[in-house]
Every structure is written in structure tokens, then in C-alpha cells.
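When a ligand or atom number is given, it counts from 1 through the structure's own listing order. None of these values were measured; they are calculated from a predicted model.
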Amino acid sequence: MKIKKVQVDKTIAFVKHQLKNAEGGHDWFHIERVYKNALLIAQNEDVDTFVVQLGALLHDIADSKFHNGDETIGPKIAREFLVTIKVNMEVIDHVIHIIQNISFGGGNEVQKFKSPELDVVQDADRLDALGAIGIARTFNYGGFKNRALYDPKVPPTLNMSKEAYKASNAPTLNHFYEKLLLLKDKMNTKTGREIALERHAFMTQFLEQFHDEWNGRK
Ligand code: ADP
Ligand code: NI
């Protein structure tokens, strides 16, 4: 037990350091929120808490979005780190599977790996894409990419392939329709779904008001 606590603390220090200069929506504070939500959700699930902790902490260690689309860097960095702190191989393999399979990727990908621990971390990550924080993160990312807030002439594209989703340069508001509003129906756990519904309702209200203000109503 004590060894695991030391390993989790070392992982926290490593992740904080790695994400020092990260974009505001994918920084240490995102990881911290996901970590806390994952532990909250895990209370009602039959899971290995240690795997959930390491998966949550390392899930965005080198997001492909910020590494020219390369999806192998994150798993590689995570594996090398976990080996240096002597985590057992079975746990390492599970954590790497979580990192490789957590992403939405347009919503049409077949998820190649499933486990209750991935379900928990994925729900926790999805919750941070919803609600007030979800809205803030989304516009921060759009600003980071120098995208328009909204353009009525560019409608959202539903059911995008992973490639199209990743290549999209559409205005930020489209992301709500292309991903964020779809998440509530993709939640894996009861706890996750309940929190997602509340956050979804808040986003819907935000979008209504956004369109009203855009169109000069109110
Ligand atoms: P996934 O790869 O599973 O879609 P991401 O890490 O890309 O997950 O998404 C995390 C968050 O980053 C989103 O919830 C959103 O806030 C922001 N984000 C990602 N892609 C976009 C985008 N195209 N426009 C605006 N925000 C985005
Ligand atoms: Ni994340």
C-alpha cells in the first residue's frame, strides 16, 4: 500500500513537470480535476483504484493534438516513466491501454480495449469536457488554435471519421455539436451519467443564450 502511495506521488510530480507549459485546457489542473472525478466515480465501481489513479494522471501526458498527431508519444513516455518507478508490468500494460483508448476521436471509432478502470477514467475525462469548465476549455482551445468563435455559414459536421475530426479547423461553437453534446449518451457509469446530465443542461442553456445574443435577441 505504502509503495503505491509513493508511486502515485512520484507520478503527480512527473505530470506536473511535463505539463508545465501546456495549453490551459490540457494542463495540470485538467489532470487534477480528472483525477478527483475518477476517484469519486470509482467509489461506486468495482475497480483497481491504483490503475484508475495512474490512468487519470497519465492520460494526457503527451496528447497527439499537441504532437503533430503522433499517438505513440504519450504511451511511450508513460511506459518509460512507470518502468523507472518500478510499477509492475501488468499494471503498466493496463494504464497504457487506458491512455490509448480514452479518446473520443470523432465518436465513430471502435474502442479496441475495454475495462472498468478505463470506463471510470474515460467518464472523468468526459465530465471535464462538460459544464462551465467544458465551455471554458473549449474556447481556450479555439483561441489557442486561432479559430473563429462561431460562423453561421459553417454548419457542424456530425459522424466525422477520426481523420476528419482531427483535421477540422471549424469554428469553436461547432465543437459543442460535434462532440460535447453527444457525450451524455456515451457515459459508462451511473455516477458519471448523473453528473453529465446536469452539466449538459448547463451547456444547452449557454448555447441558447449564445444564439440569442448573436441574433440580437434579448
Ligand atoms: P478527444 O481527443 O477525446 O476529443 P480532446 O483532448 O481532444 O479529447 O478534448 C478535450 C477538450 O479539448 C475538449 O473537451 C474541448 O474542450 C477541447 N477541444 C478539443 N478539440 C477541440 C476543437 N476542435 N474545438 C474546441 N475545443 C476543442
Ligand atoms: Ni483529458
Side-chain angles (χ1 to χ4, degrees), residues 15 18-19 22-38 41 52-71 73-75 78 95 98-113 118-151 154-184 186-188 192 195-196 199-200 202-203 206-207 210:
V15 174
Q18 286 284 316
L19 296 180
E23 176 265 322
H26 291 82
D27 59 1
W28 162 252
F29 293 115
H30 163 63
I31 306 303
E32 192 177 46
R33 291 187 301 266
V34 172
Y35 180 73
K36 286 182 178 165
N37 278 335
I41 294 169
V52 167
Q53 286 176 301
L54 294 180
L57 290 171
L58 290 163
H59 83 276
D60 272 335
I61 195 68
D63 189 319
S64 65
K65 279 196 293 313
F66 306 110
H67 293 85
N68 295 316
D70 190 335
E71 291 178 5
I73 300 182
V95 171
I98 290 176
I99 299 171
Q100 287 170 329
N101 289 277
I102 192 170
S103 181
F104 173 80
N108 279 329
E109 286 296 291
V110 179
Q111 195 176 303
K112 295 182 194 82
F113 173 84
L118 170 57
D119 283 349
V120 167
V121 180
Q122 193 173 48
D123 272 11
D125 193 33
R126 285 174 172 167
L127 287 181
D128 209 49
L130 300 177
I133 300 271
I135 294 168
R137 291 179 72 216
T138 301
F139 284 102
N140 196 73
Y141 185 79
F144 179 78
K145 291 286 205 175
N146 199 26
R147 302 211 176 124
L149 298 177
Y150 174 52
D151 184 343
V154 185
T157 317
L158 290 172
N159 294 313
M160 267 187 279
S161 68
K162 183 175 173 186
E163 290 67 33
Y165 174 76
K166 286 183 128 189
S168 170
N169 267 320
T172 300
L173 211 78
N174 291 21
H175 194 64
F176 287 86
Y177 301 93
E178 291 167 352
K179 172 182 171 182
L180 306 180
L181 295 177
L182 310 179
L183 292 178
K184 76 167 177 23
K186 292 179 177 287
M187 302 303 288
N188 305 306
I195 306 173
R199 295 188 183 190
H200 179 94
F202 183 80
M203 281 198 309
F206 165 80
L207 290 167
F210 186 101

I need the minimum non-hydrogen distance between [X] and [Y], along with the two atoms involved.
X	Y	value
Ile99	Ala78	CD1-CB, 3.5 Å
Gly69	Lys166	O-NZ, 3.8 Å
Asp123	Asn188	OD1-N, 2.8 Å
Val121	Val52	CG2-O, 3.7 Å
Ile41	Ala124	CD1-N, 3.9 Å

For ligand 1, is any non-hydrogen atom under 4.0 Å from [X]'s backbone (N, CA, C, O), its side chain (CB onward), both, or neither?
X	answer
Asp63	side chain
Ile102	neither
Arg137	both

query: Between CD of Gln111 and CG of Leu118, what distance do you get to the nearest 0.5 Å?
result: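 Going from the CD atom of Gln111 to the CG atom of Leu118 covers 5.0 Å.
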
- prompt: To the nearest 0.5 Å, what is the distance between OG1 (Thr172) and CG (Asn169)?
  reply: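 Going from the OG1 atom of Thr172 to the CG atom of Asn169 covers 10.0 Å.
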
Identify all side-chain donor-acceptor contacts of residues 125-137 below 3.5 Å with residues at least two apart in sequence or on another chain.
residue : atom : partner : partner atom : Å
Asp125  : OD1  : His30   : NE2          : 3.1
Asp125  : OD1  : His59   : NE2          : 3.1
Arg126  : NH1  : Lys186  : O            : 2.8
Asp128  : OD1  : Arg33   : NE           : 2.7
Asp128  : OD2  : His30   : ND1          : 2.6
Asp128  : OD2  : Arg33   : NE           : 3.1
Asp128  : OD2  : Arg33   : NH2          : 2.9
Arg137  : NE   : Gly25   : O            : 2.7
Arg137  : NH1  : Asp128  : O            : 3.0
Arg137  : NH2  : Gly25   : O            : 2.7
Arg137  : NH2  : His30   : ND1          : 3.4

Give the numbers and elements of all ligand 1 atoms closer than 4.0 Å to a heavy atom of [X].
X	result
Lys179	1 (P), 3 (O), 4 (O), 5 (P), 8 (O), 9 (O), 10 (C), 13 (C), 14 (O)
Leu180	14 (O)
Thr138	15 (C), 16 (O), 25 (C), 26 (N)
Ala129	14 (O)

Quick one: look up the protein heavy atom nearest [atom] and list residue, atom name and how far away it is.
atom	answer
atom 1 (P) of ligand 1	Ser103 OG, 3.3 Å
atom 20 (N) of ligand 1	His175 CE1, 3.4 Å
atom 27 (C) of ligand 1	Tyr141 CD2, 3.2 Å
atom 6 (O) of ligand 1	Lys65 NZ, 2.7 Å
atom 3 (O) of ligand 1	Phe104 N, 2.6 Å

Is [X] close enough to touch ligand 1? Criterion: a residue heavy atom under 4.0 Å from a ligand atom.
X	answer
Tyr165	yes
Arg147	yes
His26	yes

query: Can you tell me if CZ on Phe202 sees more than 12 non-hydrogen neighbours from other groups inside 6.0 Å?
result: no

- request: Test ring-ring contact (aromatic ring centres under 6.0 Å, His included) on Phe176 and Phe210 and set out the steps.
  value: CA-CA 12 Å; Phe176 287 86; Phe210 186 101; 8.2 Å; no

Verify, without hydrogens or angle tests, whether [X] (side chain) and [Y] (backbone) share a donor-acceptor contact under 3.5 angstrom.
X	Y	answer
Glu178	Thr157	yes
Asn174	Val154	yes
Asn68	Asp70	no

task: Sum up the protein N, O or S atoms located under 2.8 Å from the Ni ion (ligand 2).
output: 4

